[in-house]
Amino acid sequence: MYALIDCNNFYASCERVFRPDLNGRPIVVLSNNDGCVIARSNEAKDLGIPMGAPAFEYQELFDKQNVLVFSANFPLYGDMSNRVMAILSEYSPEVEIYSIDECFLKLDGFGMFDLWEYGLQMRAKVLKSTGIPVSVGFAPTKALAKLANRIAKKFPDRTKGVYNMATSELRDKALKWLKIEDVWGIGRRHALRLNARGVKSAFDFTQLNDEWIKKNMAIVGLRLKRDLCGIRTLDLEETKSKKNIATTRSFSNNIVDFEQLRERVSSYAVSCSEKLRKQKSCCKELSIFILTNRHRADQAQYSRSIRIKLPFATNSSIEITKYAIVALKRIFRSGYGYKKAGVIVGDFVPEEAEQLSLFTDKNPRHSALMHALDNMNKKYGKNTVRLSVQEKRMWKMRQEKLSPHYTTDLNDIITIRV
DNA sequence: TCTGGGGTCCTAGGACCC
DNA sequence: TCTGGGGTCCTAGGACCC
């Protein structure tokens, strides 16, 4: 069996942990730049605020309904996630942390356990230790565990937040209940195509013939079908080392100017380099992309990306920025208003396994320099020391409703009046 | 006026090689 | 008039996830 444990309305719940006065009130959390809604409390969902809603379109509703709005506070959510995952990892030796708010447990050899009771224990422990409510679903495969979790979340009164899909009768009943567009792995495009073919439920999907699925949804669709039929196909992913690291941002205004775009891209390259050094890796390739505002049909559109191989593995901000600018020059076209850009590094090798190369101009002194730079920025604050090609004044994200970093910054720890 | 960021995997088509 | 087969690498894009 597998379990899927999922934090309810995770970001909204994190905000609530330190603000119990917000219980029962509608809360939304916004993306970077306070752009769109990325998390909602149940009360906010009941007001009809959809996931991904642009904040400016819903401002009026927020005001009228007294919706509490928060800017995304990722240091807080990341820290709370670590706490939740640490607790859940005690419930099975085989764990896959699937996302910031979800994890799979593999429960082979748990046949003697009353899983529903086991789930209730997890739930209670996480709630008591962190203040975060979770839902738990048990089933024979991962795709079905996702479904079981959905049932637990949808019917909290009947399930107490824990559902065990123990028999094939329960499985078929659940598959018939689940709408095709809500199946894990079926996105908007496939849902449309399937609906047009009369496939309305997950059960209908499991009745399709393999050839059609292979042709229209490739191998991914076939795997999903098997998993939904109860045949173990998707297994726990190994504790995955990342294959890519990205820093990408939308700009609040269009950028026309090459120099301005270069400043931004340089900052993103430096940020990727810092992330690389943090996980003690070097990269051997680098991609960058730039694109115009796709929401503006009246403006000329252009989007392009490029990937380049580096002559040696590196995590030096100086080297990575240098190549990012080389790449940018190759895809930049003047005459467009750019809205977004990003740097992605990949093809990693461990820092200590760096290949020494005779014929490249890798500077061996960079690693000491980067070390010093990281230390200064750690001590005196982010971006205290930076490359001259980066922005003169760091461009600030819009974060008008940011909550304190309750658990990751000593200055933000809550005070309790006695 | 304002519309996120960070990931994964898969496939198609062109260039190029032998 | 008729014009191969098999492979790799790269770019771009599609589709999905949270």
Side-chain angles (χ1 to χ4, degrees), chain A residues 4 6-11 28-40 50-60 62 69 71-74 77-78 81 96-104 142-143 146 149-150 181-194 214-224 234 237-238 240-254 268 271-272 275 285 287-289 291-299 302-309 327 330-331 337 339-348 397-400:
Chain A
L4 175 69
D6 183 323
C7 300
N8 301 345
N9 313 327
F10 183 52
Y11 299 163
V28 298
V29 177
L30 304 182
S31 62
N32 280 348
N33 270 325
D34 294 345
C36 31
V37 173
I38 55 170
R40 306 156 295 159
M51 187 66 171
F56 72 90
E57 281 178 13
Y58 282 81
Q59 193 56 52
E60 209 170 306
F62 295 162
V69 180
S71 303
N73 185 345
F74 290 112
Y77 312 149
S81 170
E96 176 191 345
I97 295 174
Y98 177 69
S99 74
I100 193 165
D101 72 333
E102 279 175 62
C103 81
F104 286 101
K142 285 175 81 176
K146 270 288 221 186
N149 180 285
R150 196 182 183 90
E181 58 266 34
D182 294 334
V183 175
W184 181 47
I186 304 280
R188 263 187 47 228
R189 290 305 180 99
H190 287 326
L192 276 175
R193 205 177 315 171
L194 288 162
K214 178 86 206 300
K215 183 156 177 286
N216 290 278
M217 302 173 67
I219 191 75
V220 188
L222 272 182
R223 287 186 199 138
L224 177 62
L234 313 169
E237 305 275 332
E238 299 297 314
K240 28 193 168 186
S241 43
K242 283 185 193 161
K243 295 181 176 168
N244 290 301
I245 288 178
T247 301
T248 71
R249 291 285 179 279
S250 299
F251 320 133
S252 35
N253 302 100
N254 280 357
Y268 306 158
S271 158
C272 283
K275 292 177 189 173
E285 76 176 33
S287 311
I288 80 161
F289 68 84
L291 42 96
T292 49
N293 190 343
R294 63 179 203 284
H295 296 290
R296 294 291 298 268
D298 58 319
Q299 294 178 358
Y302 176 73
S303 86
R304 202 154 164 207
S305 66
I306 185 172
R307 180 162 46 159
I308 57 174
K309 294 248 174 263
R330 284 174 51 187
I331 60 174
K339 179 63 180 169
K340 184 173 179 177
V343 176
I344 303 159
V345 291
D347 199 0
F348 299 147
M397 265 193 313
R398 212 171 82 181
Q399 286 187 312
E400 287 172 0

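Lettering follows sequence order; numbering is per chain, from 1. Predicted model only: the values in this text are computed from it and were never measured.
- For the OP1/OP2 pair of B:dG6 and a distance below 4.0 Å, the side-chain nitrogens and oxygens of A:Thr248 include at least one atom meeting the criterion.
- The aromatic rings of A:Phe251 and A:Tyr268 lie parallel to each other, with less than 30° between the two planes, well short of the 60° mark.
- Nearer to the 5' terminus of DNA chain B, by closest-nucleotide assignment, is the contact made by A:Asn253 (compared with the other of A:Asn253 and A:Asn32).
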Protein heavy-atom contacts under 4.0 Å, written 5' to 3' over nucleotides 11-18 of chain C as B (base), S (sugar-phosphate only) or - (none), form the string BS--SSSS
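- Summarising the geometry, the separation between CG on A:Asn293 and C1' on B:dT1 is reported as 11 Å, rounded to the nearest angstrom.
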Starting at the 5' end of DNA chain C, write a dot or bracket for each base, bracketing those in Watson-Crick or G-U wobble pairs whose two distances are under 3.5 Å and using | for partners on another strand.
....||||||||||||||
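- With C1' as the reference atom, B:dC16 and C:dG4 are 16 Å apart, rounded to whole Å.
- Under the side-chain hydrogen bond (donor to acceptor under 3.5 Å, both in side chains) criterion, A:Lys309 pairs with A:Glu285, not counting sequence neighbours.
- The two residues A:Ala327 and A:Ile306 come nearest to each other via the heavy atoms CB-CG2, 3.7 Å.
- The side chain of A:Ser250 places an N or O atom within less than 4.0 Å of a non-bridging phosphate oxygen (OP1 or OP2) of B:dG5.
- Going from the P atom of C:dT3 to that of B:dC17 covers 24 Å, rounded to whole Å.
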Evaluate side chain to side chain donor-acceptor pair (under 3.5 Å) for A:Asn149 paired with A:Glu102, printing each intermediate quantity in order.
CA-CA 11 Å; A:Asn149 180 285; A:Glu102 279 175 62; over 6 Å; no
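- A sub-4.0 Å separation between OP1 or OP2 of B:dG4 and a side-chain N or O of A:Lys340 is absent.
- Distance, A:Lys339 NZ to B:dC2 C1': 8 Å, rounded to whole Å.
- Where A:Ala246 and A:Ile219 each meet DNA chain B at their nearest nucleotide, the meeting point lying more 5' is that of A:Ala246.
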